[in-house]
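Reviewing the structure listed below.
Whatever order the structure lists them in is the order used to number ligands and atoms, beginning at 1.
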Amino acid sequence: MKTFYAPASMGNFCVGFDALGAALQPIDGSLLGDQVSVEAAERDTFNCIGPYAEKLSADPKDNLAFQCLQHFKQHVAPNMPAVAMTLYKGLPVGSGLGSSACSVVAAFAALNDFANTQLSQEALIELMADFEAKVSGGRHYDNITPCYLGGLQLTADCIPSKAISVAHDESWFYVIAYPGFALNTAKARQALPQQFSLHHTVEFAQRLSGFCLLMQSGQFDKALSMMKDSIAEEARAPLIAGFSEAKDALPALGAELVSISGAGPTLFAICKSEQQANAVQQWLQQNYINEAGFSHICRLDAQGTRELKDQK
Ligand SMILES: Nc1ncnc2c1ncn2[C@@H]1O[C@H](COP(=O)(O)OP(=O)(O)O)[C@@H](O)[C@H]1O
Ligand SMILES: N[C@@H](CCOP(=O)(O)O)C(=O)O
């Protein structure tokens with residue numbers, strides 16, 4: 001049996017709505033994401049386990065990972081033998097941490113390895129995006145490609161190969177805090193303005209292009225100063241209890257930036273020292289998250305989706 005782990009990701013990365021995303025690795029070495037195992041079996045079976053399994057429908061047909069299995073057998077690898085698939089649901093649904101992308105990416109990575117297809121990386125990414133689009137209320141790649149490829153990705157349908165890896169400052173700490181309640185991505189997309197002025201649109205393009213070029217040339221502090229979410233944050237902040245208070249309070253503790261991870265409600269803060277990250281995390285634990293929430297101090301995950309070798 002092989003097990004594939006897909007890491008949590010932060011869509012938008014503040015300055016790149018639907019176009020930038022980053023994979024996360026907690027600095028304590030823990031895994032923050034979903035896992036999918038596949039092994040040969042007499043007939044196809046699906047099992048969903050893990051801390052967030054019970055938040056999903058008990059009917060496999062409703063589960064994205066099982067839908068990936070069905071699609072794969074019907075359209076990609078029709079001669080593939082029967083398999084037993086197990087999804088370990090390690091991320092809460094509707095968290096802003098790319099939970100649905102994690103299940104889809106881990107499932108297709110495991111199936112693709114099992115069936116040893118000749119699918120190109122781009123074709124696989126498109127397939128993954130098709131399935132995430134089924135639930136998220138829009139086709140966007142900013143969870144799929146960082147989750148699959150790791151790092152910080154500039155990503156869109158119109159980008160050759162769907163993603164360009166963007167350099168990042170490896171000394172930055174990302175404090176993430178999931179407050180313990182769900183915010184459905186499709187609902188959070190409906191809250192967005194449907195139109196922006198020409199000025200607004202041009203400024204978005206200027207910020208995103210300036211940010212990416214500065215990061216790519218190692219001018220990380222200048223890039224950080226350009227990070228502003230002019231598309232989603234204002235419309236979504238009222239849907240996230242405590243976000244505005246945290247955004248006001250955390251800079252005094254050393255947060256260089258406070259923004260929404262994906263569609264929320266997870267919040268992320270960028271800090272330049274571990275001491276500041278600890279202070280920010282402590283504030284968030286006391287003031288932002290409830291008993292069902294959690295927080296982690298993270299770096300960006302450079303590997304993306306990978307086989308967990310020590311699993312049997
Ligand atoms: N394996 C799965 N992982 C996550 N969500 C799933 C899965 N299978 C089905 N779903 C459904 O997809 C939707 C995902 O919601 P969404 O808000 O997009 O989550 P997230 O932002 O965490 O990716 C939910 O309605 C959930 O029930
Ligand atoms: N760009 C998307 C990202 C959604 O991420 P999720 O983790 O909340 O599913 C958006 O902002 O809608």
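Of the polar atoms of A101, none of the N or O atoms is found under 3.5 Å from an N or O of ligand 1, judged by distance alone. For ligand 1, one of its N or O atoms has an N or O atom of S103 under 3.5 Å away. In terms of polar-atom proximity, K89 is counted as a contact of ligand 1, with an N or O under 3.5 Å from an N or O of the ligand. Residue V93 has no nitrogen or oxygen atom sitting less than 3.5 Å from a nitrogen or oxygen atom of ligand 1, judged on distance alone. Taking only nitrogen or oxygen atoms, main chain and side chain alike, E132 does not reach within less than 3.5 Å of ligand 1.
Among protein heavy atoms, atom 8 (O) of ligand 2 sits closest to A263 N, 2.9 Å. Here the protein heavy atom with the shortest distance to atom 9 (O) of ligand 2 is T185 OG1, 3.0 Å. In this structure, atom 1 (N) of ligand 2 lies nearest to the protein heavy atom D18 OD1, 2.6 Å.
Ligand 2 lies within reach of G98, whose nearest heavy atom is under 4.0 Å from it.
Set against the non-hydrogen atoms of G94, the atoms of ligand 1 under 4.0 Å away are 17 (O), 19 (O), 20 (P), 21 (O), 22 (O). Interface atoms of ligand 2 facing N12, defined by a heavy-atom separation under 4.0 Å, are 1 (N), 2 (C), 10 (C), 11 (O). Against a heavy-atom cut-off of under 4.0 Å, S95 is close to the following atoms of ligand 1: 22 (O). If you number the atoms of ligand 1 from 1 as listed, the ones under 4.0 Å from a heavy atom of D62 come out as 8 (N), 9 (C). Near L87, the atoms of ligand 1 lying under 4.0 angstrom from a non-hydrogen atom of the residue are 1 (N). Applying the 4.0 Å criterion to heavy atoms of G96 picks out, from ligand 2, the atoms 6 (P), 7 (O), 8 (O).
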- Query: Checking side chain to side chain donor-acceptor pair (under 3.5 Å) for the pair S103/K89: CA distance, chi angles, key distance, verdict?
  - Reply: CA-CA 8 Å; S103 289; K89 191 69 208 161; 3.0 Å; yes
- Query: Yes or no on side chain to side chain donor-acceptor pair (under 3.5 Å) for S161 and Q121, after CA distance, side-chain angles and deciding distance?
  - Reply: CA-CA 8 Å; S161 307; Q121 180 172 289; over 6 Å; no
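Geometric assessment of K134 against the ring of F131 yields a positive cation-pi assignment under the 6.0 Å and 45° thresholds. Y5 does not carry R306 over the face of its six-membered ring by the limits of under 6.0 Å from the centre and within 45° of the normal.
The option from R189, H140, R236, E233 that lies nearest to atom 11 (O) of ligand 2, judged by heavy atoms, is R236. Across I231, L20, N143, heavy-atom proximity to atom 6 (P) of ligand 2 is greatest for N143.
Looking at L91 against ligand 1, nothing comes within 4.0 Å, counting heavy atoms.
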